[in-house]
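Let me begin by presenting the structure, written as structure tokens, before commenting on it.
Throughout, residue positions are numbered sequentially from 1 according to the sequence presented.
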Amino acid sequence: MKRLSVKQVMLYVGGILMCQISWMGCFPLIPAFFTAVCLEDAARGALCAAMFIGIVLFVPIAAAVKYLMAVFVILVTIKLFEWAEGRCTVICAASAASIATFMMALSGELLNVRDASGIMVSVIESVFVFSAIMIGTRFVDFFMQMSILPQREDTDHYQEVRLVNYADSFSGLSKIFSRMSSVQKGFSAEQMGKIQNELTGTLCMNCNQCALCWDKEESPMYSYLAYMLQSLQRTGEPDEEIVVQMQEYCPYTDAVIQESIRIFEKARLNLAWYNRLLENREIIAQQLDAMAYIMEDCANEKNEITQENRQMMAEIKYRARERGVIVQKLHLYENKEHRWQFSCDAYAKNGSCISMKELTKAVSAGLEREMRPHRDERALVSPQGAVVVFEEDTCFHETHAVARMVKDGGRVSGDNYSFLEMDDGQMAMMLSDGMGSGSNACKESELVLELLEKFMEAGFSEETALKMMNSAMVIRGEDDLYSTVDICSLDLYTARCNLYKIGAATTFIKHRDYVERVESSSLPVGVTHRLETGNTKKQLENGDFLVMMTDGVLEYLQEEDPDLAMCEIIKNLQGKHPRQMADAILEEALERTGGKAADDMTILVCGIWKK
């Protein structure tokens, strides 16, 4: 504020000095300078006082009356425009100043009854005033905005370094957990030896014939017991031939078999818990990796380029003020994809509300790029002011629709879907099919999508969100309920889409001349902690449609190749709107099944067009 006050004083002193500059008895810089500074809205009362002092000191009495009246008319006109429209543009103020100066000069010439040369001078003066204001407002605005942009604080860099260090720590912990033992599918030789020692220690050590069975090297009990334990490990039952042979040497064979089965069941239970512990370690490692990823992403998310584009910031301020909006604390950022984001404090002048579209025009013109308000921004700029955020506008726009039907006899669909618009120009279309149908399947698929939405809204990538969601479902592990996941992440800047299919049905892409299909062969989420997130990248074009559906649509088409039949259905669609296409596909599917829905049916359609 101290710098701004000094600049105001400099302008007021400049206004006094401008009153000394004359041309053919005229002082055109007085109304021109006053109007240009008055539009800056910097303490108008002090400006009027400064101009009054300059006029009284340096301007002849006859001319002083003329310019004092002109200044008064200019000030009243600007105030009236701001009261009626909420703003006064430069061209309106320049026109008012030019007309006021000409009318005051013309009134004086008519009273003096001089020749026409005085009127011509007045016309030239008014044209000069208009031109000087149109040019001078730029210089005044540039003077006021010089060196007042906020410098990037050193604390920002310090916070970035801390985030990177935290990310390295989490990544190191993840590697430690990952290096731990992997899941065991069976018993090792050492474990089999321990089982055998436990068995013989429990029964044989208290048997009177222990010496006959185990002390002799030629005793076949070693091999018999080893074979029996191996058969128990493979099938869970002892081999009958080995049992018969053991009975010839051991009168307590039945007790040995029962004890062996008991020990094996206990060992299997311990192995299952041990493997579950190892799985949880791997899940923790995945979650630590995800935390490291999001911290690195936050640290390197965007780079501030405000200082490098100071002229653009001044242009935004000038154009926003033209529309009746004052902007302060301007910040310009560039993300990893070289797209810009702009934020500022904005408030409307003179107690009125200005449409956000007007400020958007000012920002777009100042940055020389098409910008749009953040999707959560308000529609009006109020006098109270608020922080507003603008993003670089996307090159494509999309429209989506859904058609669905509940299984015959059911009340609740086990399918759930979501359309998620994210901050970075990404749109995610998600579909989940819970195992079976009814409320349990609905709750399961709803939980899957809810977790995905939360992770993706927090800034995790689709692949990381899938892994973290799967980890949560594996740990939850209730009732053996699993769900498929079908995700299409669409970049509205480039029209590139990433398809993630976890046990999901085929996805179809309708191009202008053909239909492309994307299939999946992975297991549903929650089955195993090692999730295979197959990522298929596709480039869409203007007018393409993406169709996602659950298996309840494809499996009951009564066709030898349901995917090929669906390609023909989609190819022959005449509609050009996602709503029409989704309804037409569902109607065609029901027609082929005799109007019966043997399973829940859900169809998502998304169309993309260039702006």
### Query
Can you find a side-chain donor-acceptor pair between Glu516 and His511 that sits under 3.5 Å?
yes
## Note on the structure
Gln539 and Glu541 have their tightest heavy-atom pair at CG-OE2, 4.0 Å
### Task
Please tell me if the side chains of Tyr333 and Ser343 come closer than 4.5 Å, counting only heavy atoms from C-beta onward.
yes
### Message
Would you say that Cys353 contacts Pro383 through its side chain, given a criterion of any heavy-atom pair below 4.5 Å between the two side chains?
### Response
yes
### Message
Checking the side chain of Ser432 only, and the main-chain atoms of Val485 only, is there a donor and an acceptor separated by less than 3.5 Å?
### Response
no
### Message
Run the side chain to side chain contact (heavy atoms under 4.5 Å, CB included) test on Thr507 and Thr536 for me, step by step, so that the C-alpha distance in whole Å, both residues' side-chain angles and the decisive distance to 0.1 Å come before the verdict.
### Response
CA-CA 11 Å; Thr507 295; Thr536 304; over 6 Å; no
### Task
Might you point out which heavy atoms bring Val388 and Ala346 nearest each other, and give the distance in Å?
CG2-CB, 4.1 Å
### Query
Any idea which heavy atoms bring Met134 and Ile91 closest together, and the distance?
SD-CA, 4.0 Å
### Query
Say you draw a straight line from CE of Met312 to CG of Leu330; how long is it, rounded to the nearest 0.5 Å?
13.0 Å
### Message
Measuring only between side-chain heavy atoms, which start at C-beta, is Pro578 closer than 4.5 Å to His400?
### Response
no
### Query
Side chains of Phe81 and Thr77: does their closest heavy-atom pair fall under 4.5 Å?
yes
### Message
As an exercise, state the distance from CG of Asp491 to CD of Glu337, rounded to the nearest 0.5 Å.
### Response
7.5 Å
Between side-chain atoms of residues 65-76 and protein atoms elsewhere (two or more places apart, or another chain), which donor-acceptor pairs fall under 3.5 Å?
| unit_1 | atom_1 | unit_2 | atom_2 | d |
| --- | --- | --- | --- | --- |
| Lys66 | NZ | Glu125 | OE1 | 3.0 |
| Tyr67 | OH | Phe27 | N | 2.7 |
| Tyr67 | OH | Glu125 | OE2 | 2.3 |

### Query
Is a side-chain N or O of Ser489 found less than 3.5 angstrom from the main chain of Ala428, in a donor-acceptor match?
no
### Query
Taking all non-hydrogen atoms of both residues, which atom of Cys38 and which atom of Leu47 are closest, and how far apart?
N-CD2, 3.7 Å
### Query
Does the side-chain hydrogen bond (donor to acceptor under 3.5 Å, both in side chains) test come out yes or no for Glu304 and His331, once each step is laid out?
CA-CA 7 Å; Glu304 185 169 359; His331 294 277; 2.8 Å; yes
#### Entry: Candidate pair Met429 and Glu398, rule side chain to side chain contact (heavy atoms under 4.5 Å, CB included), full reasoning
CA-CA 11 Å; Met429 187 165 61; Glu398 58 81 27; over 6 Å; no
### Task
Please report the C-alpha distance between Leu540 and Ile509 in whole Å, then the side-chain angles of each, then the deciding distance to 0.1 Å, and finally whether the side chain to side chain contact (heavy atoms under 4.5 Å, CB included) criterion is met.
CA-CA 9 Å; Leu540 302 184; Ile509 302 176; 3.7 Å; yes
### Message
Between Phe33 and Leu11, is the side chain to side chain contact (heavy atoms under 4.5 Å, CB included) condition met? List the steps.
### Response
CA-CA 9 Å; Phe33 186 85; Leu11 285 178; 4.3 Å; yes
### Task
Locate the shortest heavy-atom distance separating Ala50 from Ile16; write the atom from each residue and the value.
O-CG1, 3.3 Å
### Phe545 vs Val605 side-chain heavy atoms within contact, under 4.5 Å
yes
### Ser131 side chain to Phe128 backbone, donor-acceptor under 3.5 Å
no
#### Entry: Interatomic distance, Cys488 atom SG to Leu431 atom CG [nearest 0.5 angstrom]
11.5 Å
### For Lys537, all residues meeting salt bridge (Lys or Arg N to Asp or Glu O under 4.0 Å), sequence neighbours excluded
none
### Task
Indicate yes or no for a side-chain donor-acceptor contact from Thr137 to the backbone of Ile133 under 3.5 Å, with no hydrogens or angles considered.
yes
### Query
Would you call Leu39 and Val90 a side-chain contact if the rule is heavy atoms closer than 4.5 Å?
yes
#### Entry: From Lys329 atom NZ to Thr306 atom OG1, the distance as rounded to the nearest 0.5 Å
14.0 Å
Without placing hydrogens or testing angles, list every side-chain donor-acceptor pair under 3.5 Å for residues 361-370, not counting sequence neighbours.
| unit_1 | atom_1 | unit_2 | atom_2 | d |
| --- | --- | --- | --- | --- |
| Ser364 | OG | Thr360 | O | 2.9 |
| Ser364 | OG | Met371 | N | 3.1 |
| Arg369 | NH1 | Glu392 | OE1 | 3.0 |

### Message
Using every non-hydrogen atom in the two residues, find where Arg378 and Met356 come nearest and quote the distance to one decimal.
### Response
O-CE, 3.4 Å
### Query
Given side chains that start at C-beta, do those of Ile316 and Phe342 come closer than 4.5 Å, heavy atoms only?
yes
### Task
Look up atom CG in Leu490 and atom CD in Gln426, then write down how far apart they are to the nearest 0.5 Å.
7.5 Å
#### Entry: Arg321 and Lys349, any side-chain heavy atoms less than 4.5 Å apart
yes
### Message
Can you tell me how far apart SG (Cys395) and NZ (Lys610) are? Round to the nearest 0.5 Å.
### Response
7.0 Å
### Task
For atom OH of Tyr493, decide whether the heavy atoms of other residues, nucleotides or ligands shown that lie under 6.0 angstrom number more than 12.
yes
### Query
Which one of Arg339, Arg372, Arg375 satisfies the salt bridge (charged side-chain N to carboxylate O under 4.0 Å, His left out) criterion with Glu391?
Arg372
